[in-house]
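Note that the structure is a prediction, hence the values are computed from the model and not measured.
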Amino acid sequence: HRQHRCFSFRGYDGRSDLHVGITNSNGVVYNYNEEGIHRAETGWEQCISIPLVQPDMFGLLQQWDTLLEEFSVGEAWLPHRYEEHDHNCYTYALAFINSVLTAQGKQQMSKSEFTEKFVIPQTKKASKYITLHQELTAKDFYIVPLPDQEKQC
């Protein structure tokens, strides 16, 4: 059983699975694992944040917390239903997103479509920062501020 990890500059090696969750409007992270649904207020401080709702979607923003709570208490997310590859934290997050899309009369997204449109662009960006951070901590570097534009003229 591979360990799921929250993203961290220090702890993530680029090969381990990342854990996935959905936040409510107060920043509480709803997430699913072999023990069922968790509502975490801490422990996700170094995670990659992927915006799902546009700021102008006021109606959805007002309903978000209720929809998330009601979805999370469903039988599908009981501990014994968990399967590492087929019914996991990612399945939970995507199923919630698709339930919101359905309620809005929009087309659902496949796992590959969601991964390509939302996840990969953010993880690519994070990967660059991880690589830079590892290089800076592994070697001796001096960071020198550039002179002001005015001084160069």
Side-chain angles (χ1 to χ4, degrees), residues 1-138 143 146:
H1 181 70
R2 287 182 298 172
Q3 186 71 24
H4 289 287
R5 289 194 191 178
C6 185
F7 168 79
S8 168
F9 279 126
R10 292 188 185 90
Y12 188 60
D13 59 11
R15 292 182 295 272
S16 304
D17 289 343
L18 291 170
H19 194 39
V20 177
I22 302 272
T23 62
N24 70 8
S25 62
N26 295 315
V28 176
V29 183
Y30 284 61
N31 59 101
Y32 177 64
N33 65 13
E34 61 273 10
E35 296 172 353
I37 294 292
H38 299 273
R39 295 161 185 81
E41 296 186 18
T42 59
W44 291 75
E45 290 81 8
Q46 294 191 48
C47 289
I48 300 169
S49 176
I50 301 175
L52 299 171
V53 183
Q54 299 299 321
D56 60 348
M57 300 175 76
F58 299 112
L60 179 54
L61 287 169
Q62 288 177 337
Q63 298 174 28
W64 186 266
D65 292 359
T66 303
L67 292 171
L68 182 56
E69 182 62 35
E70 288 176 354
F71 178 83
S72 300
V73 297
E75 287 188 15
W77 314 114
L78 291 171
H80 70 275
R81 298 274 175 102
Y82 182 87
E83 293 175 11
E84 184 181 357
H85 300 292
D86 300 318
H87 196 74
N88 53 30
C89 61
Y90 199 90
T91 313
Y92 163 76
L94 182 57
F96 174 69
I97 292 162
N98 278 330
S99 74
V100 171
L101 289 172
T102 299
Q104 292 184 308
K106 296 179 181 177
Q107 188 174 352
Q108 292 194 356
M109 282 189 285
S110 67
K111 185 175 182 178
S112 58
E113 186 182 3
F114 178 69
T115 303
E116 187 178 326
K117 285 185 177 179
F118 287 89
V119 179
I120 289 176
Q122 297 293 338
T123 52
K124 275 186 175 178
K125 196 183 296 182
S127 178
K128 291 177 183 177
Y129 283 108
I130 291 171
T131 303
L132 178 61
H133 182 269
Q134 289 171 342
E135 287 292 318
L136 289 170
T137 53
I143 298 175
L146 291 171

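Judged by distance alone, with hydrogens and angles left aside, the side-chain atoms of D65 form a donor-acceptor pair with the main-chain N or O of S25 at under 3.5 Å. Counting only distance, with no hydrogens or angles, the side chain of N88 and the backbone of N33 share no donor-acceptor pair below 3.5 Å. In terms of modelled atom types and a separation under 3.5 Å, the side chain of N24 and the main chain of N26 share a donor-acceptor contact. Not a single donor-acceptor pair under 3.5 Å links the side chain of W44 to the backbone N or O of V28.
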Q.
Under the criterion side chain to side chain contact (heavy atoms under 4.5 Å, CB included), I'd like the reasoning laid out for F71 against I37: C-alpha separation, chi angles, the key distance, then a yes or no.
A. CA-CA 11 Å; F71 178 83; I37 294 292; over 6 Å; no

Q: Given side chain to side chain contact (heavy atoms under 4.5 Å, CB included), test Y90 with F114 step by step and report yes or no.
A: CA-CA 10 Å; Y90 199 90; F114 178 69; 3.3 Å; yes

Q: Given ring-ring contact (aromatic ring centres under 6.0 Å, His included), test W77 with F96 step by step and report yes or no.
A: CA-CA 11 Å; W77 314 114; F96 174 69; over 10 Å; no

Q | Verdict with reasoning, D86 to T91, per side chain to side chain contact (heavy atoms under 4.5 Å, CB included) | A | CA-CA 7 Å; D86 300 318; T91 313; over 6 Å; no

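L52 has its side chain within reach of I97: a pair of non-hydrogen atoms, C-beta onward, lies under 4.5 Å apart. Counting heavy atoms from C-beta outward, H80 and E34 have side chains that stay 4.5 Å or more apart. Considering only heavy atoms from C-beta on, E35 stays 4.5 Å or farther from P79 through its side chain. Residues L68 and V100 are not in side-chain contact: their nearest non-hydrogen atoms beyond the backbone lie 4.5 Å or more apart. A 4.5 Å side-chain heavy-atom check between Y92 and V20 finds every atom pair outside the cut-off. The closest side-chain heavy-atom distance from L60 to L67 is below 4.5 Å. Inter-residue side-chain proximity for I120 and T115 is flagged as met; some heavy-atom pair is nearer than 4.5 Å.
Taking the side chain to side chain donor-acceptor pair (under 3.5 Å) definition, one finds that R39 meets it with E69, sequence neighbours left out. Scored by the salt bridge (charged side-chain N to carboxylate O under 4.0 Å, His left out) test, E70 finds no partners at all (sequence neighbours excluded). A search for side chain to side chain donor-acceptor pair (under 3.5 Å) contacts involving E113 returns K117, not counting sequence neighbours.
We find the CZ-CE distance between F118 and M109 to be 4.5 Å, quoted to the nearest 0.5 Å. Rounded to the nearest 0.5 Å, atoms CD (Q108) and CG (N98) are 4.0 Å apart.
Residue E116 places its CD atom among 12 or fewer non-hydrogen atoms of other residues, nucleotides or ligands, all under 6.0 Å distant.
Looking only at atom types and distance, the side chain of S72 has no donor-acceptor partner in the side chain of Y32 under 3.5 Å away.
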